[in-house]
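Here is the structure we will look at, set down as structure tokens.
Values in this document were obtained by computation on a predicted structure and should not be read as measured data. The first residue of the sequence shown is numbered 1, and numbering continues consecutively from there.
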Amino acid sequence: MQGVLYVSHGSRVAEAVEEATSLIARVQTKINIPLQETCFLELVDPDISEGFRKLVHQGATEISVVPVLLLSAGHYYKDIPEEIERMKAQFPNVKINYGKPLGVQKRLTEVLKQRLEERKITPNAEAKLLVIGRGSYNPQTKQDFSVIKSQLSEMFPSKSIEVCYLAACEPLFEDALDRLVNEGHSQIFILPYIWFTGILDQHIANVVSAYQFKSDIILAAHLSHHETLQIALKERVEETFDTV
């Protein structure tokens with residue numbers, strides 16, 4: 001019997017956990033599989049092993065482990081596979097299919113554009129667009145954001161776009177924003193390429209608030225429950241069912 005285990009990041013912020021679980025719940029209604037569970041990488045229960053055991057105890061003989069992640073980085077390449085290996089050792093008769101993060105997709109970059117447009121402030125001729133990524137030591141992260149920047153440049157061909165990160169990569173968000181403010185740009189649009197709210201989302205808002213009287217800074221919302229992300233996650237789940 002097929003089961004699906006959604007692996008979300010986890011957060012100390014209750015609102016972030018609720019946002020993730022409610023989005024996953026919406027996706028679950030679109031998947032015609034009776035056995036579906038949600039678990040977390042850290043900070044929140046159930047963890048991966050507990051979520052996996054729940055599915056096995058409900059009768060799952062084949063489990064799709066689906067990372068609820070935007071991009072491929074340490075969690076995808078290291079943390080989740082390590083847990084999968086532990087589960088394989090404990091449940092050798094259960095087939096495990098490992099799904100993919102959403103990855104770089106133009107339709108997801110379109111959501112970033114929509115988040116900017118929701119602010120209903122038209123970028124002027126001198127506006128800067130600053131895209132924020134979570135950051136990772138994996139070199140794939142900067143490659144992915146290079147593509148996202150290129151896609152966004154096609155959507156805003158006359159605008160100057162930069163990418164920064166919250167950790168592990170340079171330039172860091174604080175440094176990039178400080179430089180843009182000191183350069184005197186009349187508008188700076190902040191576009192967080194972040195799925196759910198949480199500590200990082202709060203940090204971005206706090207940093208922006210410190211500059212509000214020095215420059216016209218417009219902070220867009222994170223990606224959240226947008227229908228496009230729900231569709232993309234649903235497709236990642238369904239892809240695992242085709243694994244031979």
Side-chain angles (χ1 to χ4, degrees), residues 1-103 105 108 134 136-138 140-141 194-200 223-244:
M1 185 179 295
Q2 177 73 54
V4 181
L5 182 63
Y6 300 83
V7 184
S8 190
H9 190 278
S11 173
R12 294 184 179 88
V13 178
E15 182 185 355
V17 177
E18 192 283 329
E19 190 175 23
T21 54
S22 61
L23 178 137
I24 293 169
R26 294 183 190 188
V27 174
Q28 288 175 336
T29 64
K30 307 175 194 294
I31 303 292
N32 189 27
I33 296 292
L35 303 183
Q36 300 185 71
E37 295 287 343
T38 299
C39 67
F40 299 90
L41 281 162
E42 57 186 4
L43 303 173
V44 184
D45 292 329
D47 61 14
I48 293 177
S49 61
E50 184 177 350
F52 196 94
R53 289 188 181 93
K54 283 183 179 180
L55 289 171
V56 173
H57 293 158
Q58 292 173 61
T61 55
E62 180 172 347
I63 296 176
S64 294
V65 178
V66 180
V68 185
L69 303 171
L70 286 174
L71 301 173
S72 303
H75 290 315
Y76 176 68
Y77 289 117
K78 183 177 184 294
D79 300 330
I80 300 176
E82 286 178 353
E83 289 297 322
I84 287 176
E85 289 305 312
R86 293 188 185 98
M87 294 303 99
K88 284 181 178 179
Q90 293 182 36
F91 302 98
N93 295 324
V94 176
K95 181 181 178 183
I96 302 175
N97 302 322
Y98 188 25
K100 298 177 182 178
L102 299 193
Q105 303 183 37
L108 302 184
R134 177 183 291 269
S136 166
Y137 291 109
N138 192 296
Q140 184 65 44
T141 297
I194 294 174
W195 201 339
F196 304 116
T197 190
I199 297 295
L200 297 181
L223 303 177
S224 192
H225 281 182
H226 196 284
E227 181 69 20
T228 297
L229 280 90
Q230 295 180 45
I231 294 170
L233 181 57
K234 173 180 178 287
E235 291 174 359
R236 285 293 187 243
V237 174
E238 292 172 339
E239 288 170 1
T240 66
F241 301 156
D242 298 329
T243 302
V244 179

Closest heavy-atom contact between [X] and [Y]?
X      : Y      : result
Ile48  : Leu5   : O-CD2, 3.8 Å
Glu238 : Lys234 : OE2-NZ, 2.7 Å
Ile80  : Pro67  : CD1-CB, 3.8 Å
Ser136 : Ala73  : OG-CB, 3.4 Å
Leu200 : Ile194 : CB-CD1, 4.5 Å
Gln140 : Asn138 : N-OD1, 2.8 Å

Any chance you could lay out the side-chain contact (heavy atoms from CB on, under 4.5 Å) test for Lys54 and Glu50, step after step, and finish with the verdict?
CA-CA 6 Å; Lys54 283 183 179 180; Glu50 184 177 350; 3.9 Å; yes
Is there a side-chain contact between [X] and [Y], using heavy atoms and a 4.5 Å cut-off?
X     : Y      : answer
Phe40 : Val68  : no
Gln90 : Arg53  : yes
Leu70 : Leu229 : yes
Met87 : Val94  : no

Atom [atom1] in [X], atom [atom2] in [Y]: separation rounded to 0.5 Å?
X      : Y      : atom1 : atom2 : result
Asn93  : Thr61  : CG    : OG1   : 10.0 Å
Leu233 : Ile31  : CG    : CD1   : 7.5 Å
Leu223 : Leu102 : CG    : CG    : 9.5 Å
Gln28  : Leu23  : CD    : CG    : 10.0 Å
Lys88  : Ile63  : NZ    : CD1   : 12.5 Å
Tyr76  : Leu41  : OH    : CG    : 13.5 Å

Any chance you could lay out the side-chain contact (heavy atoms from CB on, under 4.5 Å) test for Phe196 and Thr21, step after step, and finish with the verdict?
CA-CA 10 Å; Phe196 304 116; Thr21 54; over 6 Å; no
Taking Glu19 for its side chain and Thr197 for its backbone only, find out whether a donor-acceptor pair lies under 3.5 Å.
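Checked: pair present.
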Would you please test Ser64 and Gln2 for side-chain contact (heavy atoms from CB on, under 4.5 Å) and show each step?
CA-CA 8 Å; Ser64 294; Gln2 177 73 54; 3.1 Å; yes
Side chain to side chain contact (heavy atoms under 4.5 Å, CB included) against Glu235, all qualifying residues, sequence neighbours excluded:
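Listed in chain order: Arg107, Ile231.
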Contacts of type side chain to side chain contact (heavy atoms under 4.5 Å, CB included), residue Lys78, not counting sequence neighbours
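Testing Lys78 for side chain to side chain contact (heavy atoms under 4.5 Å, CB included), a comparison that skips the adjacent residues, returns Glu82.
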Pairs flagged by salt bridge (charged side-chain N to carboxylate O under 4.0 Å, His left out) wherever residues 67-76 is involved - sequence neighbours left out
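Those involving residues 67-76 do not exist here.
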Not counting sequence neighbours, which residues clear ring pair (Phe, Tyr, Trp, His ring centres under 6.0 Å) with Phe52? List them please.
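Per chain and number, Phe52 pairs via ring pair (Phe, Tyr, Trp, His ring centres under 6.0 Å) with Phe91.
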Could you tabulate the donor-acceptor pairs under 3.5 Å formed by side-chain atoms of residues 7-15, not counting sequence neighbours?
from	atom 1	to	atom 2	distance (Å)
His9	NE2	Glu42	OE2	3.4
His9	NE2	His75	NE2	3.1
Ser11	OG	Val13	N	3.0

Partners of Arg236 by side chain to side chain donor-acceptor pair (under 3.5 Å), sequence neighbours excluded?
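If we apply the side chain to side chain donor-acceptor pair (under 3.5 Å) test to Arg236, skipping adjacent residues, the hits are Glu239.
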Side chains of Glu83 and Ser49, donor plus acceptor under 3.5 Å
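Result is no, nothing qualifies.
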